[in-house]
Structures are given as C-alpha cells and as structure tokens.
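First up is the structure itself, then whatever we jot down about it.
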Amino acid sequence: MKPAPSVILFTVLSGMGFGLLAFLGAGFVQPVGWLAFFHWGLGYGLAVGGLAASTFHLGNPQRALKAFTQWQTSWLSREAWASVLTLVLLAPVALSDWLGLGWPRVTGLIGAVACFGTVFTTSMIYAQIAAVPRWNNWTVPAMFVSFELTGGALLSGQVLPALIGCSALILALYAHKTKGDVAFAKRGQTLGKATGLDQVGSATVFEQPHTSPNYLMREMIYVVARKHIARLWPIAFGAAAILPAVLVVLLPYHLLTFALAALIHLMGAAASRWLFFAQAEHVVGLYYGQR
Amino acid sequence: MTQLPTHTDKKLGLAIDLDTCVGCQACVTACKGWNDQGYGAALSDQNPYGADPYGTFLNRVHSYQVQPDIGAAQIINFPRSCLHCEDAPCVTVCPTGASYKRTEDGIVLVNEDACIGCGLCAWACPYGARELDQAAGVMKKCTLCVDRIYNENLPEEDREPACVRTCPTGARHFGDFADPDSKVSKLVAERGGYDLMPDLKTKPTNKYLPPRKKDIPQEASLLAPLLDIQATGFAGWLDKVLGKLG
Ligand code: SF4
Ligand code: SF4
Ligand code: SF4
C-alpha cells in the first residue's frame, strides 16, 4: 500500500496527541496556568493537526462532514465521532486547568479512556481490511495503542508509564512484524486461485491489461516503497521504543530529556508507520502477478 | 446507506466466459465510451497522449499464460470488473454512505454527490474493481450500466450493459442470478461457473465460466486401425509367404 505522507502524519501525530491528552485528562500531570495552556495546547494541536492532515488526501474534502453519517458500519465514521467527542469531552478539564477553575476531573478520566477508544477506531480502519492480510489481525490495534501510550507518557514526562509503553511497543511491533511476514501466505491466495485458473494449470501473467500503471497499481501495488525495509525495521524498533526507554532511565529527569526522547520516538513512529504501509500487500496485486 | 440489504429481489450481474474471451479489449473501450458520457462524473484521463498515460476505467482485461499438467500452454484472457458482491466490503467501510447496494437488483453503486474520495472502499475491494477518478476526486466503479438496462429510450436489444452488447464473441452474459431459469443461471450450472476468491466471503454475484478442456493431440499414427487388418485369400497367402521370407 502506498505510504502517503498525509496519512503517515495523520496517524502518528494524532496518536501522540491523543496519548498526551489521555495523560492530561487522567491527571497524571496537572499543570496550572499558562503551563497548562501549553500542555493541553500541544495535545489538542497534535490531535487536531493530525486529523486535519488526514483530509489532505481526500478527493472532495469539502464534504468531509458527511463522514459522520455511517457510524453503524464504518470504522472511519466511528473514528470521526470518537475523535470529536473525545476532544469535546476533555475541553472542560483543559479549561479548568488553564484558568484554575477547579472543576471536577471526572470528565477528564472518561476523556482519557475515550482517547484510547479513538486510536482504537483509527487502527480498526486498517485492521478490518481482509484484502490486506498483513493488516487484518489484532496486532494493528495493539501497535497503535502502544504507540499512543508511549507517545503520551513521553510528552507528559511519565517515567514508569513510558517504560511500560516502550515495552508494550516492542512486543506489539515484534508481533506485527512476525505475524505480518507470513500473513499473505497464510491467506492462501495466489494468481491461480484469485483467477480460478489453477483448475486449468499453473498461471503466469502473459500481458498486463494496461501499459502504464493505473490507480490500483499506484495505490495498492506500491513496490517502490519496499526498497529499504531491512534498514528501516531496526530504526523503527530502536528509535520508537528502545532509545526513548534508555534515555528516560539514564538521563536526569528534565524537560529536555523527555523532549529528546519524544522527538526520537516520533521519528521511530514515522519509520514504523512507513513500514506499516509499504510492507502491506493487497490481494489485487495477484491479478497483476505482483504484490 | 452503507448497511447491506439482507435480501435483494434480483441479483443482476455478469457471467464471464473465459473459454470464448479472445482478449480484444472491446468491452474495455465500450465500457469507457458509455460511462464517459452518462452516469456521474466523466472517466478522466491524465496525460493521455504522453509518455505516461493514466486514466480511469471500470473494466480491465488481463491476459494469462496457463500451463496444464499435460498438453500445450494456453493463453486465457480474463476480464475484471465489479462483481456486485452480496457481502460487499466496499460498501460497509464507506463513512459517508456514498457506496450502497440496491435492494431491488443488488447493483453496487456510488452516489458521487456524497463521496469524499477517501479511497477506503477501493482498499476494501479484493478485486480491484474501484478506481478514484483523478479529475473529479470521486470513486468510480462498474454501474452494471444501470442507465442502459432500464432505459426505455434505447431499443430493446440495447438494454444490456455496454460491455455485453459489444463483445464480438459473446463472452459476457448479463442476467438475474436469483432466477434459476435465467440464461446466466443455466450457464453457471452447465459450465461450473465459479466465484473469485470465495474465502474472502464477499459472495460475488458475477460468475466466471472456466475454459473448456482442450483436446489432447494424438500420439499414435492415424493409420493404426489399418495396420491391424488380417488379410484373407490371395493377399493372406502372400502375407504369409512374405512374412516367412522376411
Ligand atoms: S467487486 Fe469490489 S467493488 Fe464490486 S461489490 Fe465486490 S467488493 Fe465491492
Ligand atoms: S471513496 Fe467515496 S465511496 Fe469510497 S469509501 Fe470514500 S466516501 Fe465512500
Ligand atoms: S456493465 Fe457497464 S459499467 Fe460495468 S463493466 Fe460492463 S460496460 Fe462497464
């Protein structure tokens, strides 16, 4: 699948943003005054900025509001609802922290749970697609939620949650990679099976249906992106989970430590999200004798 | 509405005969020609005469080489368009309700006025039946020529999909798969019509008719039956004598 920068940005930034909002909402950190403004502002900025980036790849973004209508069947629609509801739910706590109003934090707790719910809906947009075997399993939500936990903990300066997040992330990334590497073969589809021509003999492509790539090939058979896979996986593991954990343990507890760890984590997250798309193979590639 | 109907009165679709398809691409052209001027946004092309042409099509014809266990390799041409699945994953993923399946005849359509062009339905379709038009930014797919099959302004014989109407070898058949006596249902029963990737549980309406078994070339001499004849009379005597001499 094509690793579109807007989608990578959207999922990485909004995941981190909702992570931070969850920690703020649950009261792990309770900044006051302008510090609260900047903290909450960062959370809201990342979450909303990510959501805004997701509209960049739409063909007709002016109708984006219509995406709220089909929550009964569509995970994309559920995500739209979940993110807006979460952002609204957390607003009173944010306001109260900033202006020192002392309002009850219970909506913050509910909002924190909703933050994880929102990222779960994002992950299900991918995990639901049976035509992309690498995505079609539980490791996708596990990975997205672990990213949210780690990113949120780092941005809110929480040592123990950050270590838990990094460990969960290593496990989730490992599970996603190992399960993903055999997923396509496990789905058992081949050119012969996809066309039904295996009843005749062994089928290979004789001639492509068109001489230059079409939408399907550009969007779903994006082979170019797979060049640097072997180099990117260690970067993803190292930068997203291992290095940030090492940094928060070894360096003194300071804003700069967490800023550095979060920045490195962000790079790792982007690398892993790139791999998430680039390595995912769609079964339609079989018709083209490619994957 | 992206909830799938539990039942459709008809199941309109195509039976595609892989035995007779010659890969002439006439259906590809006819499909583009018809759908370029009727239903919804035009099927745009980008850089059509340049080095890297790109365009939206609703129907594509692949060409495969198939090597059977015995006998010569065959070329099998393989048209690919929307299968109008009963459990269409492209419909349920759509956030806007633009994608829907009709209760009356089971045709899967896109309401372009509601489509935001997110492309998720194209990801969800295992068969590559949807292409996002680059000029209009909306999703295009086979409409089963819904604007022909019910169109009373057209002469009777033209009220079938453009690809079916144009196919010079009659490799594409249109009809109602819910009716066991329809031409397409009978063809599927007779020829062993099959679904594409049934394990993905999309329950396609369109069926593919497999290529017929090819004759196996004869190895033995065509004169074989003659060589075995026992001669009688004079010829028999001569046969015996010559046999002894040899
Ligand atoms: S073939 Fe693809 S686009 Fe057509 S109904 Fe089935 S899943 Fe949807
Ligand atoms: S591209 Fe259009 S029809 Fe397809 S899922 Fe998005 S909104 Fe629905
Ligand atoms: S039925 Fe119509 S829209 Fe569908 S492939 Fe044939 S010509 Fe194209």
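Chain naming here is simple, since letters A, B, ... match the order of the sequence lines and numbering starts at 1 in each.
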Is [X] in contact with chain A via its backbone, its side chain, both, or neither, using a 4.5 Å heavy-atom distance?
X: B/Tyr194; value: side chain
X: B/Ile75; value: side chain
X: B/Val61; value: backbone
X: B/Gln25; value: side chain
X: B/Ala73; value: neither
X: B/Pro210; value: side chain
X: B/Arg80; value: side chain

Closest heavy-atom contact between [X] and [Y]?
X: B/Arg60; Y: A/Pro209; value: CB-CB, 4.1 Å
X: B/Leu196; Y: A/Tyr287; value: CD1-OH, 3.7 Å
X: A/Thr195; Y: B/Tyr64; value: CG2-CE1, 3.6 Å
X: B/Met197; Y: A/Ala194; value: CG-CA, 3.7 Å
X: A/Ala67; Y: B/Ile116; value: CB-CD1, 4.2 Å
X: A/Pro213; Y: B/Asp52; value: CD-OD1, 4.4 Å

Look at the side chain of A/Asn60 and the backbone N and O of B/Asp113, then say whether any donor-acceptor pair between them is shorter than 3.5 Å. no

Would you say A/His282's side chain and B/Trp123's backbone share a donor-acceptor pair under 3.5 angstrom? yes

When rounded to the nearest 0.5 angstrom, what is the spacing between [atom1] in [X] and [atom2] in [Y]?
X: A/Tyr288; Y: B/His62; atom1: OH; atom2: NE2; result: 4.5 Å
X: A/Leu76; Y: B/Leu120; atom1: CG; atom2: CG; result: 6.0 Å
X: A/Tyr215; Y: B/Asp133; atom1: OH; atom2: CG; result: 11.0 Å
X: B/Gln65; Y: A/Glu207; atom1: CD; atom2: CD; result: 11.5 Å

Determine the option with the most heavy-atom pairs under 4.5 angstrom with chain A, choosing from [options].
options: B/Ala51, B/Ser63, B/Gly137, B/Gly117; value: B/Ser63
options: B/Gly55, B/Gly119, B/Pro198, B/Cys118; value: B/Cys118
options: B/Cys94, B/Ala124, B/Gly23; value: B/Cys94

Counting only non-hydrogen atoms closer than 4.5 Å, does [X] touch chain B with its backbone (N, CA, C, O), its side chain (CB onward), both, or neither?
X: A/Ile129; answer: side chain
X: A/Trp81; answer: neither
X: A/Leu65; answer: neither
X: A/Leu216; answer: side chain
X: A/Arg218; answer: side chain

Among [options], single out the residue with the greatest number of heavy-atom pairs under 4.5 Å to chain B.
options: A/Gly201, A/Ala80, A/Ser54; result: A/Gly201
options: A/Lys193, A/Gln199, A/His57, A/Gln208; result: A/Gln199
options: A/Ser212, A/Ser74, A/Ala131; result: A/Ser74
options: A/Leu286, A/Leu58, A/Thr73, A/Asp198; result: A/Thr73

Any chance OH of A/Tyr174 has more than 12 other-residue heavy atoms, nucleotides or ligands included, within less than 6.0 Å? no

Tell me if the CH2 atom of A/Trp233 is crowded by more than 12 foreign heavy atoms within 6.0 Å. yes

If you apply the rule side chain to side chain contact (heavy atoms under 4.5 Å, CB included), what do you find for B/Val138 with A/Arg63, and how did you get there? CA-CA 11 Å; B/Val138 294; A/Arg63 304 184 197 130; 3.9 Å; yes

Residues 123-134 of chain A vs side-chain hydrogen bond (donor to acceptor under 3.5 Å, both in side chains), sequence neighbours excluded, gives A/Arg134-A/Asp181

Does a donor on one side chain sit under 3.5 Å from an acceptor on the other, for A/Gln189 and B/Asp199? yes

